[in-house]
Every structure is written in structure tokens, then in C-alpha cells.
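Structure first, then comments.
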Protein chains: 2
Amino acid sequence: MERKRISESTIHRLSLYLRTLAELDADGQATVSSKELADREKLTPAQVRKDLSFFGSFGTRGLGYPVIELKDKIARILGVNRTWNVAVIGVGNIGSALVSYKEFARQGFRIVKIFDNDQRKIGSNHKGIQVSDFKDFADEAPEAGVEIAIIAVPGPIAQYVVDDVVRAGIKAILNFAPVNLRVPADVYLRNENMSMELEYLSFAMVNNHVQKKTRRTV
Amino acid sequence: MERKRISESTIHRLSLYLRTLAELDADGQATVSSKELADREKLTPAQVRKDLSFFGSFGTRGLGYPVIELKDKIARILGVNRTWNVAVIGVGNIGSALVSYKEFARQGFRIVKIFDNDQRKIGSNHKGIQVSDFKDFADEAPEAGVEIAIIAVPGPIAQYVVDDVVRAGIKAILNFAPVNLRVPADVYLRNENMSMELEYLSFAMVNNHVQKKTRRTV
DNA sequence: TAACCTATGTGACGGGTTTCACATGACTCG
DNA sequence: CGAGTCATGTGAAACCCGTCACATAGGTTA
């Protein structure tokens with residue numbers, strides 16, 4: 001399959017478009033122009049059209065894009081036109097917040113397992129899911145069809161946890177622990193660094209940094 | 001003050017360097033080369049050197065960078081060599097997780113106020129802080145010296161909340177609500193979109209997307 | 001059906017960011 | 001103290017990404 005390199009920025013923007021399209025759909029709007037989409041995301045119309053053009057022609061000249069159809073197309077491109085089974089590891093502050101985070105479910109990410117290594121937490125119930133002992137990850141995760149693992153454990157133990165997760169055959173990991181993790185090349189690892197944006201704000205304020213049309217509004 | 005445009009990517013990488021330098025310092029390592037720093041972040045040594053060179057010459061040829069000194073320099077650049085007073089608005093799942101998130105404190109972001117509009121939550125105690133009524137934001141936030149507001153309220157009310165926050169004179173906002181917010185040009189707004197990285201993982205898996213040296217590992 | 005209007009899709013362009021490559025300078029060892 | 005080694009700092013080159021501008025085509029109206 002011949003495929004152009006799609007930049008990370010483009011993918012992230014598709015996420016933005018998807019969200020906005022869902023809003024437009026909820027408002028009952030039938031079509032949307034690249035201009036309107038761009039205005040909402042603080043991007044340029046050309047940017048929107050270019051992003052979409054990597055994947056096909058979804059619009060109608062002179063009219064715009066059909067909202068529902070485009071939403072479905074982007075969902076398909078991103079792979080969220082289906083359900084993904086997710087395990088959350090670590091049910092501390094962050095972990096339990098994620099378990100309750102409705103936006104994940106809305107995007108098709110279904111949390112089916114929760115793990116922890118704290119005896120006091122194991123067996124307790126979060127949103128209808130019994131917390132399992134992380135020791136049993138290798139058995140229980142595949143059994144439950146887990147495809148994505150979210151790491152929400154303290155930094156110091158995150159590498160050990162991720163090693164076990166990789167050994168259990170998981171190929172996609174989202175890490176909330178504030179450390180750099182090492183994984184084999186065939187495992188997808190993404191990091192969610194919540195301090196990063198605060199630090200950006202800090203930098204901007206200290207330096208009176210000029211706001212710009214950010215390439216990526218996270 | 002004449003200053004080059006510093007790209008967003010560079011600032012984000014400085015955050016990464018800062019974190020890694022803290023780890024290295026904790027390990028007792030005295031110096032670090034651009035190569036070692038690059039390997040840890042999956043970047044190139046040239047990238048690291050270029051990023052730092054925007055702000056000065058911090059290294060010693062033939063030797064590398066002094067860990068502690070560089071850490072302090074970057075902290076100063078990012079503006080985190082001081083304390084920032086932060087208010088968290090909305091003490092639901094995400095909000096209360098953020099209040100307890102130790103990494104913020106470690107980076108100098110001190111949560112001094114918590115607001116909500118739910119009578120059942122107002123007055124309750126989170127990590128030693130009494131939850132205030134959001135109605136009183138305009139009075140209490142300036143009084144407490146709040147400089148940054150974190151929005152952790154449900155999407156549908158986020159724009160109203162942010163409008164009030166702006167009216168109260170806050171110039172820096174970190175938004176966790178999954179919606180696009182509008183703020184005046186002189187207000188710094190950053191978004192934390194936690195679904196975005198999950199969607200990236202989804203895209204990568206569906207498309208067998210080749211891992212690359214990502215410009216920005218969030 | 002024809003003319004007009006409008007917004008897409010896309011090649012060309014331009015700017016900005018990353019990578020390259022090497023001169024430079026600091027430290028080390030004999 | 002001088003030669004050798006090593007990693008920085010930085011112009012130049014390469015590359016990638018976003019913007020521009022317009023030909024194109026679908027819709028609409030008369």
C-alpha cells in the first residue's frame with residue numbers, strides 16, 4: 001500500500017476537526033465549509049483542505065463538506081469508528097479520574113480493565129469494574145481483549161510496569177507518568193505530559209511571548 | 001529587547017530536557033552530553049544543541065553540559081524558577097486529580113484556590129483547600145494572587161466559566177474541557193486534550209503508521 | 001440550459017525548523 | 001607543555017509543512 005507520510009500535526013488536527021464536527025452535528029448543521037472549520041480551530045481554510053486532501057476528496061465544490069459524512073470519514077481515518085478496549089493501570093488520582101472520563105467512552109475507548117498493585121485497592125469497584133492485581137496483567141489483559149494500556153502509576157515504578165505491559169503483548173501505550181519510558185520499536189508509546197502546557201504558559205508570561213496561530217492547539 | 005522567535009516545539013522540548021535533567025541530577029550525574037540528552041528524548045544531538053543555543057552557550061566543548069546548572073538555566077527560561085499561584089475550577093474527576101497531582105507542585109505550580117458551582121462541593125476540603133463558590137471568583141482569585149486558571153468543568157459550561165475568568169483579569173488559562181474556547185488576544189490559552197493522544201495511537205495502529213523521531217513527544 | 005456563484009482540491013511557493021558538517025575550544029594525558 | 005581527543009556551537013543545506021492562488025466543478029437561478 002503506497003501511502004504518503006502523514007505528519008503528526010495533521011493527525012492531531014483531524015482530532016480537532018472530529019470534535020468540532022460532532023458539535024456541528026449536534027447543532028443540526030448539515031454542511032460546513034473549510035473556512036468555518038478553520039475559524040473554529042484558529043487555522044486557515046487552506047490548512048483544513050490540505051489536511052483532508054491527504055485522504056481523499058470529501059467535499060462538494062461551491063458547497064462545503066457534509067458534516068455527518070465527513071465526521072464518519074475522519075473517524076474511520078483515525079480508527080475510532082470502532083471500539084478499543086483499554087486497560088488503566090494505577091488507580092490513584094489520575095487513574096481514577098481517567099476511568100470516569102466520559103470523553104474517552106464517547107471516542108470509542110472503552111475501559112474494560114483496571115489494575116493496581118495496592119492490596120487496599122485491589123477488588124474495589126470503579127465505575128462497575130473490579131480492580132485487578134497488576135500481577136495478573138499478563139493473564140487478564142489478553143483475556144479481556146485489551147489493546148491499549150494507559151499507565152497512571154507513580155514515575156519511579158512506571159518503567160517496570162511498562163516492561164510487564166510490553167511482555168504481555170500490548171502494542172499501544174499511553175503514559176501519564178512524568179518520566180521517559182523505553183519500549184521496543186514495535187510498540188506505540190505516547191506521552192501525556194500535563195506539566196508541559198503549564199510550562200508553556202509560564203514561558204509565555206515571563207517572556208511576553210507573542211501569541212501566534214499555533215500549529216497545534218493541543 | 002531584541003528576541004528571536006522561539007518555536008513552540010523548542011519550548012516543549014525544553015520541558016522534556018528539564019524533566020530529564022532532574023532525573024539525571026537525582027542520579028547524581030554531573031554532566032550530560034547533547035547526545036545522551038537526545039537519546040533519552042528520541043531526538044538528535046544537533047536538535048538539542050540548537051534548542052539550547054537560542055538562549056546562550058551553556059556547555060563545555062569536549063565535555064558536555066553541567067547538569068545542575070543547565071537545569072537551573074532552563075527553569076529560568078521557562079519561568080519555573082519561581083512559584084505560580086494556580087486556581088483549579090471544577091472539582092470533578094479531573095479537577096480533583098489535578099489538585100492532588102504532585103508533579104505540578106514540583107514544577108512550581110502551587111494550587112492556592114479551588115472553585116466549583118456545586119453546592120454540595122463548596123466548602124468541602126481538598127488537600128487542605130476549601131472549595132469556594134465560583135460566583136466569588138472575581139473577588140477571591142485576585143485576593144489569593146491567582147495567576148493561572150485551570151478549567152476542569154464540563155464542556156457545555158466551559159465557555160461561560162472562561163468568560164468570567166477573563167473578566168476577573170486572569171491572563172493565563174489551561175483548559176481541560178473538551179471544547180474550543182474563545183478568549184481575547186491578550187489572554188494565553190492552552191488546551192489539554194487527553195483524547196488526542198489516544199486517537200493518535202488508534203490512527204497509528206489502524207494504519208501501521210511508522211514510528212518516527214517525533215518532533216514533539218508530548 | 002446557460003450563466004453565475006461559491007468553495008473545493010491542488011501545484012507552486014515560501015518560510016521555518018531540523019539536520020549536517022566542521023571549526024572551535026576545553027580538557028586530558030603523556 | 002604540547003599533542004590528541006572530544007563534544008560544543010553554528011553557519012549552510014536540506015527538508016518539511018503551511019500558505020497562496022487559481023483552475024475546477026457542483027449547485028443555483030432565471
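Bear in mind the structure is a predicted one, so any value in this text is a computation, not a measurement. Below, read A as the first sequence line, B as the second, and so on, with proteins coming before strands; counting in each chain starts at 1.
Atom NZ of Lys73(A) and atom C1' of dT8(C) are 15 Å apart (whole Å). Rounded to whole Å, the distance from CG on Leu14(A) to P on dC17(D) is 14 Å. In this entry the distance linking CZ of Phe55(A) with P of dG9(C) reads 14 Å, nearest Å. Rounded to whole Å, atom P of dG16(C) lies 13 Å from atom CD1 of Ile6(B). The distance from atom NZ of Lys35(B) to atom C1' of dT5(D) is 17 Å, rounded to the nearest whole Å. If you measure from atom CG of Asp51(A) to atom C1' of dG9(C), you get 13 Å, rounded to the nearest angstrom. Taking atom CD on Glu8(A) and atom P on dT18(C), their separation rounds to 12 Å, with Å as the unit. With rounding to whole Å, Phe58(A) atom CZ is found 18 Å from dA25(D) atom C1'.
Checking Ser96(A) against Asn93(B) by side-chain atom types alone, no donor-acceptor pair falls below 3.5 Å. Counted by atom type alone, Arg110(A) and Asn85(A) present one or more donor-acceptor pairs between their side chains at under 3.5 Å. Side-chain contact check for Ser195(A) and Glu103(B): no donor-acceptor pair (N or O, by modelled atom type) lies under 3.5 Å.
Asp72(B) has no carboxylate O lying under 4.0 Å from a charged side-chain N of Arg76(B), or vice versa, which leaves the two without a salt bridge.
Side-chain atoms of Asp25(B) never come within 3.5 Å of backbone atoms of Leu21(B) as a donor-acceptor pair (strictly under, hydrogens ignored).
Considering only side-chain N and O atoms, Thr44(A) lies nowhere under 4.0 angstrom from the phosphate OP1 or OP2 of dG18(D). Between Ser33(B) and dA7(D) there is no side-chain polar atom (N or O) within less than 4.0 angstrom of OP1 or OP2. Residue Arg49(A) has no polar side-chain atom (N or O) positioned under 4.0 Å from OP1 or OP2 of dT19(D). Between Tyr65(A) and dG26(D) there is no side-chain polar atom (N or O) within less than 4.0 angstrom of OP1 or OP2. Contact annotation: Ser9(B) does not reach the phosphate of dT17(C) (side-chain N/O to OP1 or OP2, under 4.0 Å). Between Gln47(A) and dC17(D) there is no side-chain N or O to OP1 or OP2 distance below 4.0 Å.
Comparing Gly64(B) and Lys50(A) by the nucleotide of DNA chain D whose heavy atom lies nearest to each, the residue mapping closer to the 5' end is Gly64(B).
A 4.5 Å side-chain heavy-atom check between Ile170(A) and Val166(A) finds every atom pair outside the cut-off.
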Its contact letters, B for base, S for sugar-phosphate only and - for none at protein heavy atoms under 4.0 Å, make nucleotides 24-30 of chain C read BBB----

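Checked against Val48(A) for a side chain to side chain contact (heavy atoms under 4.5 Å, CB included), the options Thr44(A), Asp51(A), Leu52(A) give a single hit: Leu52(A).
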